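Take a look at the structure set out below.
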There are 2 protein chains.
Amino acid sequence: MYALAMNKRRPRGPVPVYQLVFNAVKADIDAGRLKPGQSLPTEAEMCEAHNASRQTVRRALADLREAGLIYTIRAEGSYVGPPDAPKIREPLAFERIADAIIEGIRKGTYKPDEVLPSESVMIEEFGAAKKTVRAAVNLLREQGWAYTVPAIGTFVASRDKWPEPR
Amino acid sequence: MYALAMNKRRPRGPVPVYQLVFNAVKADIDAGRLKPGQSLPTEAEMCEAHNASRQTVRRALADLREAGLIYTIRAEGSYVGPPDAPKIREPLAFERIADAIIEGIRKGTYKPDEVLPSESVMIEEFGAAKKTVRAAVNLLREQGWAYTVPAIGTFVASRDKWPEPR
DNA sequence: GCTCATTTGTCCGTATGTATC
DNA sequence: TGATACATACGGACAAATGAG
């Protein structure tokens, strides 16, 4: 007896699984739940979601590509196409942190001219590196959300300095 | 016709390679060749050792993690676990230097109230950067092994100041 | 403070073998 | 037999985090 698991095919109906996946993604696009430029879930996530193997998911993605509904960038992911559509890049780590802080400012958790949490607190809270936190704070400054008083701390900018929502 | 890249898969028996790697590591742990807290080889080294791809090695490591046998710190490595067990991190560069000096103090190479080698000598001796040597000396001060007289030098603390061996 | 190498994390691309319908 | 589906395995690329100089 082999230690290997026996492969089992799981017929879930007359429609092939890869077509089910294809239709599910197409439905999300048609319904606007996935907008052009937006990134699709990773292949691994789609495997989980549809309880299918990676091969099967990839078959569906290949069909979606052929249909011009998505495009794929190697080692990056698949996006709702066509490629000339506005690109909606996934935010990087420091951008996610900056967004979280902006959210806190908008919601009043951090009020104008009050001090923001210290660098070390942010490192703890976001589980990020010092460099990443600094990049986030730097972005906040550039955009006018905050200002820094050397050796004192970083403060929330007054409301009239906040960027206009686009 | 088929000149290009055939036979990428190398079956080495009925047992999947990732399980072979899993078992090899587990055997090392069970036999005490890998002790709790000790660091595992890097993924790249394990690829070499087992002649396997990184994906395969990572699959084995994931299973080992799930089994609670190891834990992994990003950009650092994997350690024999579990994490709540005695955490014996591999000493960092400055800690290794500090340990070496403590060893010298214990053995009498450096005697109480005598001066320790200068920064530049230590840089030479340990092949380390200034920053690293300073971190080591700082640790010695914090633990009570040494004290510094500004502009003069750093001296071995008197024996009653030494930390209790744990 | 900056740069570099190292290491883990996360992707995509491809290929083989096998099982089931 | 051929289409479908799964597990395994190798490879390449880039991102993120860390320690070191």
Side-chain angles (χ1 to χ4, degrees), chain A residues 2-21 39-47 50-62 65 71-78 89-94 96 123 126-135, chain B residues 2 4-21 39-47 50-62 65 71-79 89-97 123 126-135:
Chain A
Y2 286 147
L4 278 170
M6 291 294 115
N7 298 324
K8 281 200 214 68
R9 186 170 184 267
R10 287 170 304 167
R12 267 173 276 174
V15 184
V17 178
Y18 71 88
Q19 283 186 21
L20 293 176
V21 177
S39 76
L40 267 61
T42 68
E43 291 180 356
E45 283 170 347
M46 295 180 75
C47 291
H50 295 93
N51 196 29
S53 79
R54 200 178 150 219
Q55 295 286 50
T56 304
V57 167
R58 285 181 59 74
R59 171 68 192 269
L61 291 175
R65 253 193 314 274
Y71 63 99
T72 299
I73 300 177
R74 182 173 178 150
E76 200 169 315
S78 293
R89 182 176 42 61
E90 280 300 294
L92 300 178
F94 77 93
R96 283 197 303 274
I123 289 170
F126 295 107
K130 187 165 59 181
K131 191 192 278 182
T132 307
V133 168
R134 284 189 180 166
Chain B
Y2 295 101
L4 281 178
M6 302 181 53
N7 187 25
K8 296 269 181 162
R9 187 175 182 259
R10 289 172 301 169
R12 270 174 271 171
V15 182
V17 180
Y18 69 87
Q19 282 186 18
L20 293 177
V21 176
S39 77
L40 267 62
T42 67
E43 291 178 1
E45 284 168 348
M46 296 182 74
C47 292
H50 294 93
N51 196 28
S53 76
R54 200 175 151 222
Q55 293 287 3
T56 304
V57 167
R58 282 181 62 76
R59 169 69 192 268
L61 291 174
R65 257 194 308 275
Y71 62 100
T72 301
I73 300 177
R74 180 169 184 166
E76 242 189 83
S78 293
Y79 301 83
R89 185 176 39 59
E90 281 299 295
L92 299 178
F94 77 93
E95 292 169 324
R96 283 197 303 273
I97 293 174
I123 289 171
F126 295 108
K130 186 163 59 181
K131 189 195 280 183
T132 308
V133 168
R134 285 189 180 166

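Remember, predicted model here, so these are calculated numbers, not experimental data. Here is the naming used below: chain letters follow the sequence lines, and residue numbers restart at 1 for every chain.
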Rounded off to whole Å, could you give me the NZ-to-C1' distance for the B/K131 and D/dT18 pair? 12 Å
Provide, to the nearest angstrom, the distance between the NE2 atom belonging to B/H50 and the P atom belonging to D/dA9. 13 Å
Which whole-number value in Å describes the distance from A/R59 CZ to D/dA3 P? 10 Å
Stepwise, does the side-chain contact (heavy atoms from CB on, under 4.5 Å) test hold for B/K130 with B/V133? CA-CA 5 Å; B/K130 186 163 59 181; B/V133 168; 5.9 Å; no
To the nearest angstrom, how far is A/L61 atom CG from C/dC12 atom P? 8 Å
If you take all heavy atoms of A/R59 and A/Y18, which pair is closest and at what distance? NH2-OH, 3.1 Å
Going by the side chain to side chain contact (heavy atoms under 4.5 Å, CB included) test, name the single residue among A/L40, A/T56, A/V21 that passes it with A/L61. A/L40
Check whether any side-chain nitrogen or oxygen of B/T132 sits under 4.0 Å from OP1 or OP2 of D/dG21, and answer yes or no. yes
Across all chains, not counting sequence neighbours, the side-chain hydrogen bond (donor to acceptor under 3.5 Å, both in side chains) partners of B/S78 are B/T72
Give the rounded distance in Å between these two atoms: CZ of B/R134 and C1' of D/dG19. 18 Å
Once you apply a heavy-atom cut-off of 4.0 Å, does B/K130 come out as touching a base, just sugar-phosphate, or nothing? nothing
Answer yes or no: is there a donor N or O on one side and an acceptor on the other, between the side chain of B/E76 and the main chain of B/I73, under 3.5 Å? no
What nitrogen or oxygen pairs link the protein and nucleotides 5-9 of chain C at under 3.5 Å?
from: C/dT8; atom 1: OP2; to: B/E43; atom 2: N; distance (Å): 3.1
from: C/dT8; atom 1: O4'; to: B/A75; atom 2: N; distance (Å): 3.1
from: C/dG9; atom 1: OP2; to: B/R58; atom 2: NH1; distance (Å): 2.9
from: C/dG9; atom 1: OP2; to: B/R58; atom 2: NH2; distance (Å): 3.4
from: C/dG9; atom 1: N7; to: B/R54; atom 2: NH2; distance (Å): 2.6
from: C/dG9; atom 1: O6; to: B/R54; atom 2: NH1; distance (Å): 3.1

With the side chain defined as heavy atoms from C-beta on, B/T56 is closest, among D/dG21, D/dT4, D/dA9, to D/dA9
Under 4.0 Å between a side-chain N or O of B/Y18 and OP1 or OP2 of D/dA9? no
Find the distance B/I123:CD1 to D/dA20:P and express it as a whole number of Å. 15 Å
Starting at CE of B/M46, measure out to CZ of B/R58 and round the result to the nearest 0.5 Å. 11.5 Å
